[in-house]
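First the structure, in the form of structure tokens, and then the observations on it.
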Amino acid sequence: MKYLTDPLAINAVIPELASHSIVWMDTEVADYKTRHPRLSLVQILTETQESYILDVLDQPKLIDDLIQGVMVNPAIQKVFHNAAYDLRFLGKSAAQSVTCTLKLARLIPYHLLPVSSHSLKSLVLHFFQHDLSKAEQSSDWGYRPLTASQLDYARDDIHYLSQVHAALKLLYQKAHYDPAVDSILEIETEILAIQEEWKQLDSRYQYLKERAKAVMLAQDIKETDIFSLKHRTTEKVPFVELAQLGIPIDFEITLNATIRKSLTPDQLNQLTRTLSVSDVLSFRKANSDDAEVD
DNA sequence: CGCGGATAGAAGAAGATGAC
DNA sequence: GTCATCTTCTTCTATCCGCG
């Protein structure tokens, strides 16, 4: 691990970092609760397992050099967890070739990745049974010198990020089939195998939720360990009144059966109609015995 | 705390089905 | 044919998530 605090040393290492085709990155931020958070550390791991911790606190010039040298270069793939957060400090929309493991994790269906949260901590626990201590996450990253424990945390983060990334890529491949060559028969076999069990569970699940809601309403319980019940208000105004106020209205209204009925064919043709078509999958009604006599 | 994006769930619609 | 019911979909908005 290289912990670099000297601006000259950091500047010197940028070309070396830029020579990699993929790096795993993370940042630590000071004053994150205030209106003006400051970038404190940028951690970078290379595919050769070298980790760099760059101290860039109050070094806007250095941060910009890093953005120009690494972030905007499309030839370097940058992997972050919740990239949107780090990009606020590292080039924003100018950053190129950024991969986000949070987004990747969310693309994997629950049955292949059964975790209650897609935070890096949860993913590390799921894949590697390692409790990534997040105690340092909210520590003071604006104070110098940093503690050994802070630096350990900073290094662990990118190390586990690359491991999680690899595990996620495998699962992603497992989850994604090419529909052009996928087998409908295989899908049908699998869905029939679990359908009855799923129906029973789903029925029970919905039923219990309805009961819970009824109980909480009747007994005026607002919150339990697993449920919360709150009011939700929706206010409406007559459309005609809005129109009469001359408020610019620029959205479409679904042409439903009721409105359609009150329009003459002429009126209907005068309107600018846009049609949207969706494809609907449904189960066919289970055939009775005559189906087999085909 | 702030943000961008995801998510849950309510509401309303289309269309298939079923009872009569 | 009419009407009600069921499934599935889209749309909308408040709320949640994840980062430090």
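So you know, we letter chains A, B, ... as the sequences are listed, proteins then strands, and number each from 1. The figures here come from the full heavy-atom set of this structure, side chains too, leaving out hydrogens, waters and symmetry mates.
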Original post:
What's the CD-C1' distance between A:Q43 and C:dC19, to the nearest Å?
Top reply: 12 Å

Subject >> Interatomic distance where CG belongs to A:L90 and P belongs to B:dG4 [whole Å] >> reply: 16 Å

Original post:
Using a cut-off of 4.0 Å on non-hydrogen atoms, how would the nucleic acid contact of A:F89 be classed: base, sugar-phosphate, or nothing?
Top reply: nothing

**OP:** Identify whether any heavy atom of A:D26 sits under 4.0 Å from a base atom; if not, whether one sits that close to sugar-phosphate; answer base, sugar-phosphate or nothing.
**Re:** sugar-phosphate

**OP:** Could you check whether A:S40 gets within reach of a base, just the sugar-phosphate, or nothing at all, counting any heavy atom under 4.0 Å?
**Re:** nothing

Original post:
Is the shortest side-chain N/O distance from A:H118 to OP1 or OP2 of C:dC17 below 4.0 Å?
Top reply: no

Original post:
Do the ring planes of A:F128 and A:Y160 sit parallel (below 30°), tilted (30 to 60°) or perpendicular (above 60°)?
Top reply: tilted

**OP:** Please round to the nearest 0.5 Å and tell me the distance separating atom SG of A:C100 and atom NE2 of A:H165.
**Re:** 10.0 Å

**OP:** Starting from P on B:dG2, measure out to CG on A:N82 and report it in whole angstrom.
**Re:** 17 Å

**OP:** May I ask you to test the A:E190-A:I194 pair for a side-chain heavy-atom distance under 4.5 Å?
**Re:** no

Original post:
Roughly how many Å is it from OH in A:Y85 to P in B:dC1, rounded to a whole number?
Top reply: 14 Å

Original post:
Counting any heavy atom closer than 4.0 Å, what does A:S117 reach on the DNA or RNA strands: base, sugar-phosphate only, or nothing?
Top reply: sugar-phosphate

Original post:
Any salt bridge between A:K78 and A:D86, counting N to O under 4.0 Å?
Top reply: no

Original post:
When we call it a touch if two heavy atoms are under 4.0 Å apart, what does A:S119 touch: a base, just sugar-phosphate, or nothing?
Top reply: sugar-phosphate

Original post:
Looking at C:dC19, B:dA6, B:dG2, which one has an atom nearest to any side-chain atom of A:R88?
Top reply: B:dG2

Subject >> A:K61 with A:D64: basic N within carboxylate O range, under 4.0 Å >> reply: no

Original post:
Roughly how far, to the nearest 0.5 Å, is CG of A:L17 from CG of A:L66?
Top reply: 7.0 Å

Original post:
Over how many whole Å does the gap from A:L161 atom CG to C:dC19 atom C1' extend?
Top reply: 13 Å

Original post:
Atom CG of A:L87 and atom C1' of C:dC19: how far apart are they, to the nearest Å?
Top reply: 12 Å

Original post:
What residue among A:R155, A:Q43, A:E16 forms side-chain hydrogen bond (donor to acceptor under 3.5 Å, both in side chains) with A:Y52?
Top reply: A:E16

Original post:
If we fit an axis to the first five pairs and another to the last five of the helix from B:dC1-C:dG20 to B:dC20-C:dG1, what angle do they make, to the nearest 10°?
Top reply: 40°

Original post:
Roughly, in whole Å, what's the span from NE2 in A:H81 to C1' in C:dC19?
Top reply: 8 Å

Original post:
What's the closest nucleotide to the A:L102 side chain, out of C:dG18, B:dC1, B:dA6?
Top reply: C:dG18

**OP:** Return the value, rounded to whole Å, for the distance between atom OH of A:Y32 and atom C1' of C:dG18.
**Re:** 13 Å

Original post:
Which is true for A:D140 with a 4.0 Å heavy-atom rule: it touches a base, it touches only sugar-phosphate, or it touches nothing?
Top reply: nothing

